[in-house]
Protein chains: 2
Amino acid sequence: MTPNKEDYLKAIYKLGGMETLVNNKQIADTLQIAPASVTEMLGKLKREGLIHYEAYKGSRLTSEGIGAAISLVRGHRLWEVFLMRHLGYSWSEAHEDAELLEHITPPRLIARLDQFLNHPAYCPHGSAIPRSDGQVDCMPLQPLNLLFVGEASRIRRVTEEKGLLDYLQGLGVTIGASVRIVEAGAHEGPLTLDLDGKRVQISYKAACQIYVDETARL
Amino acid sequence: MTPNKEDYLKAIYKLGGMETLVNNKQIADTLQIAPASVTEMLGKLKREGLIHYEAYKGSRLTSEGIGAAISLVRGHRLWEVFLMRHLGYSWSEAHEDAELLEHITPPRLIARLDQFLNHPAYCPHGSAIPRSDGQVDCMPLQPLNLLFVGEASRIRRVTEEKGLLDYLQGLGVTIGASVRIVEAGAHEGPLTLDLDGKRVQISYKAACQIYVDETARL
DNA sequence: AAAAAGATTTAGGCATACCTAAATTAGCGA
DNA sequence: TCGCTAATTTAGGTATGCCTAAATCTTTTT
Ligand SMILES: [Mn+2]
Ligand SMILES: [Mn+2]
Ligand SMILES: [Mn+2]
Ligand SMILES: [Mn+2]
């Protein structure tokens, strides 16, 4: 296993490769690698028993591949917790450095880190940390932009993308904060939020990347 | 800079490449790489301005190379402190995993780790941790085997080699412990030590890898 | 000073993981 | 169903970093 292969597995995992077939273009776009190179690497991953892959059809993780991907994600998110909780990292910094650390984290380090951090259930961005047995629990969430005006909910997760994270953290967005849409600009205009009691304006595009509790819809 | 090149720089540094010329064979032995491959890599490091290198003569670090090597060693030793102090690692485990972590530790992570650990001066094996400005302080030490029978001193550093570390830690050897040679077997036979009041037998070869304060010799 | 021994370099290869350009295939709409 | 487009694969090539075997240089020994 190499860092490169790990990144492929993680990409396939995040693109839904546990359930559905993932097509090459998505992987190429995610990893910023030429489609031809993706084809080549998928051949190797298949030969190594990490993915099911049929030419022109797409790829899906084998149970071995799932294990590798989940272990990687587990390491990544545990590092994020450590970096923010103990080293004072920002949202985007934590994600960036965890991206490196994940690749050189042997199982014993993952285990001890988990213990040191007291078995956290979520990363600082709100994603669930897979348990050591591979279990991942998920809550039903919806993007903030789909909330009705006036409807209240709670922020549970944000998409991990450097620019977005810096923007949101600058605005004071936090996981667990209560939120209500005060006003929604027309044509996907900015949203005015009541965020933990404070009035905040946020772009529509950013709101699509913030996930809140699915409140009961009648 | 790649992990491989970093390991070359670190090897040269540890082989005395700040002061003296280091010859290729030493590097090849240290890194377990064929001499031909070493020649090739040294050419690249020279082209990149990290070492002075003259064919058949040997190599020496440039100031840029010194900076890179020292930063690597600093990261390595800070990780060791973290792994032992907070994650319950053993001497050899800490060294092993730090060997991986050192290569993907950006400057900001080194800085925050240093702060989190409260600017430790020594790694768990007793080596000085270079300061952020590159300064490294060293005490005058001597190998334990050179101590006279009956003479007392204090253990300050051990050589970092997995097998040795496990052996010594199993024996109860610690940094800072007081030590006195009770009896020395002939022909480089085992030494009987008084280690913090406890009687311990240790191989001559291992004693050569334990460094103690240079006590005043008359 | 020559020969032997040891260290180093050169030459020729291999594996990994990328790329671009040129086929090829699949899927969709006319 | 034919053809167009988009996705994918194949072909050919690059850079890194390693290897072995064969020169070549240096140092030591006789
Ligand atoms: Mn990564
Ligand atoms: Mn995260
Ligand atoms: Mn290393
Ligand atoms: Mn150490």
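Please read all numbers here as calculations on a predicted model, not as lab measurements. Residue numbers begin at 1 in each chain, while the letters A, B, ... track the order of the sequences.
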Point to revise | Partner set under side chain to side chain donor-acceptor pair (under 3.5 Å) for A:Tyr167, not counting sequence neighbours | key: none
Check your understanding: Rounded to whole angstrom units, what separation is found between the CG atom of B:Asp29 and the C1' atom of C:dA7?
Key -> 11 Å
Point to revise | Counterpart residues, side chain to side chain donor-acceptor pair (under 3.5 Å), relative to B:Tyr204 (two or more places apart) | key: B:Asn145
Hey, can you pull the donor-acceptor pairs under 3.5 Å for the side chains in residues 12-27 of chain A, sequence neighbours left out?
| unit_1 | atom_1 | unit_2 | atom_2 | d |
| --- | --- | --- | --- | --- |
| A:Thr20 | OG1 | A:Gly16 | O | 3.2 |
| A:Lys25 | NZ | A:Asp29 | OD2 | 3.0 |
| A:Gln26 | OE1 | A:Asn23 | N | 3.3 |

Practice item. May I have the distance from B:Ile27 (atom CD1) to C:dG6 (atom C1'), rounded to whole angstrom? Key: 17 Å
Contacts under 3.5 angstrom, residues 121-132 of chain B side chains, donor-acceptor by atom type, not counting sequence neighbours:
| unit_1 | atom_1 | unit_2 | atom_2 | d |
| --- | --- | --- | --- | --- |
| B:His125 | ND1 | B:Glu80 | OE1 | 3.2 |
| B:His125 | ND1 | B:Glu160 | OE2 | 3.3 |
| B:His125 | NE2 | B:Trp91 | O | 3.0 |

Exercise for review: Could you note down all residue pairs passing ring-ring contact (aromatic ring centres under 6.0 Å, His included) where residues 92-115 of chain A supplies at least one of them, sequence neighbours left out?
Suggested key: A:His76-A:His95
**Study point:** Summary of protein contacts for nucleotides 3-17 of chain D, nucleotide by nucleotide, where a base hit scores B, a sugar-phosphate-only hit scores S (4.0 Å, heavy atoms)
**Key:** ----SSBB-----SB
